[in-house]
Amino acid sequence: MLESLGLLVMTGVLWGCTNPFIKQGTKGLRSVKSETYLGQAYAEIVFLLTNWRYVVPFLVNQCGSLMYLLVVQRAPLSLAVPATNGLAFAFTAITGAAVGTEEPLDRGSILGVAFIVIGTALCCWDKTQ
């Protein structure tokens, strides 16, 4: 079970910490223009896939998705889903504030992150008993 808990946390870290960088990597996407709907879709896909600032965090994020598949096989769904998604929110807030893509953390945000961590810890503790 300890291995599953580590995978839960790592999934949350990989998902959460990459979100602000994916957001940064999409800067300039709105300036991509084409005359047709299909041309626009193609131009946007090319823009994203040729932008390393988008591709690298996206691939790391997808590694988190692969790790999530391992978690779901080993841990109960009632633990895996809320823990990984809650931790992803917490790590997104912390990383986003650190790199400047999100608002700085105020007292309410810090309290929210603390509640997520405490709630996740309690869920994990309950499932290991």
Side-chain angles (χ1 to χ4, degrees):
M1 186 63 175
L2 194 57
E3 179 183 326
S4 296
L5 296 178
L7 290 172
L8 283 171
V9 172
M10 281 306 301
T11 300
V13 168
L14 289 174
W15 279 350
C17 290
T18 55
N19 287 337
F21 294 105
I22 290 172
K23 183 177 181 179
Q24 280 184 337
T26 62
K27 285 186 180 171
L29 182 62
R30 293 192 187 270
S31 64
V32 174
K33 301 291 182 206
S34 183
E35 295 179 13
T36 66
Y37 177 77
L38 287 175
Q40 181 68 28
Y42 178 76
E44 289 177 3
I45 289 169
V46 168
F47 173 84
L48 291 174
L49 293 180
T50 58
N51 182 358
W52 70 269
R53 292 176 190 259
Y54 174 80
V55 172
V56 172
F58 176 77
L59 292 175
V60 173
N61 186 287
Q62 293 309 299
C63 289
S65 296
L66 292 174
M67 195 169 292
Y68 181 70
L69 290 175
L70 294 174
V71 169
V72 170
Q73 292 174 352
R74 298 175 183 172
L77 272 179
S78 60
L79 173 64
V81 173
T84 54
N85 287 309
L87 289 172
F89 281 125
F91 283 110
T92 297
I94 293 167
T95 306
V99 300
T101 59
E102 302 295 331
E103 300 281 325
L105 295 179
D106 57 7
R107 288 184 185 178
S109 299
I110 293 169
L111 186 62
V113 168
F115 281 148
I116 289 171
V117 171
I118 292 167
T120 302
L122 288 173
C123 287
C124 293
W125 180 69
D126 178 57
K127 296 295 182 185
T128 59
Q129 296 301 317

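Across every non-hydrogen atom of Val71 and Ser4, the tightest pair is CG2-O, 4.5 Å. Across Thr50 and Val46, no two heavy atoms sit closer than the pair OG1-O, 2.7 Å. Between Pro20 and Thr101 the shortest heavy-atom distance is CB-OG1, 3.2 Å. Nearest heavy-atom pair, Leu5 versus Cys124, reported as atom, atom and distance to 0.1 Å: CD2-SG, 3.4 Å.
In this structure, Gln62 CD and Trp15 CH2 are separated by 9.5 Å, a value rounded to the nearest 0.5 Å. Separating the CG atom in Leu7 from the CG atom in Leu70 is a distance of 6.0 Å, to the nearest 0.5 Å. Atom CZ of Phe58 and atom CG of Leu49 lie 8.5 Å apart (nearest 0.5 Å). Atom-to-atom distance recorded for Phe21:CZ and Thr26:OG1 is 13.5 Å, nearest 0.5 angstrom. Note: Leu14 CG to Leu87 CG = 11.5 Å, rounded to the nearest 0.5 Å. Between atom OH of residue Tyr42 and atom CG of residue Leu38 there is a gap of 12.0 Å, rounded to the nearest 0.5 Å.
A single hydrophobic cluster is not seen to contain both Leu111 and Phe89; linkage of ILVMFWY side chains at heavy-atom distances under 4.5 Å, directly or through other members, places them apart. Taken together through direct or relayed side-chain contacts under 4.5 Å among Ile, Leu, Val, Met, Phe, Trp and Tyr, Phe91 and Leu8 form parts of separate hydrophobic clusters. Cluster membership check: Val72 shares its hydrophobic cluster with Val81, using side-chain heavy-atom separations under 4.5 Å among Ile, Leu, Val, Met, Phe, Trp and Tyr. Taken together through direct or relayed side-chain contacts under 4.5 Å among Ile, Leu, Val, Met, Phe, Trp and Tyr, Val60 and Ile22 form parts of separate hydrophobic clusters. A continuous path of ILVMFWY side-chain contacts below 4.5 Å connects Val32 to Val55, so both sit in one hydrophobic cluster.
In this structure the side chain of Asn19 never reaches within 4.5 angstrom of the side chain of Thr95, judged on heavy atoms.
Put simply, the side chain of Asn51 never gets that close to the backbone of Phe47: no donor and acceptor are under 3.5 Å apart. No side-chain donor-acceptor contact under 3.5 Å links Glu44 to the backbone of Arg30. Judged purely by atom type and a 3.5 angstrom limit, Glu102 has no side-chain atom pairing as donor or acceptor with the backbone of Ala97.
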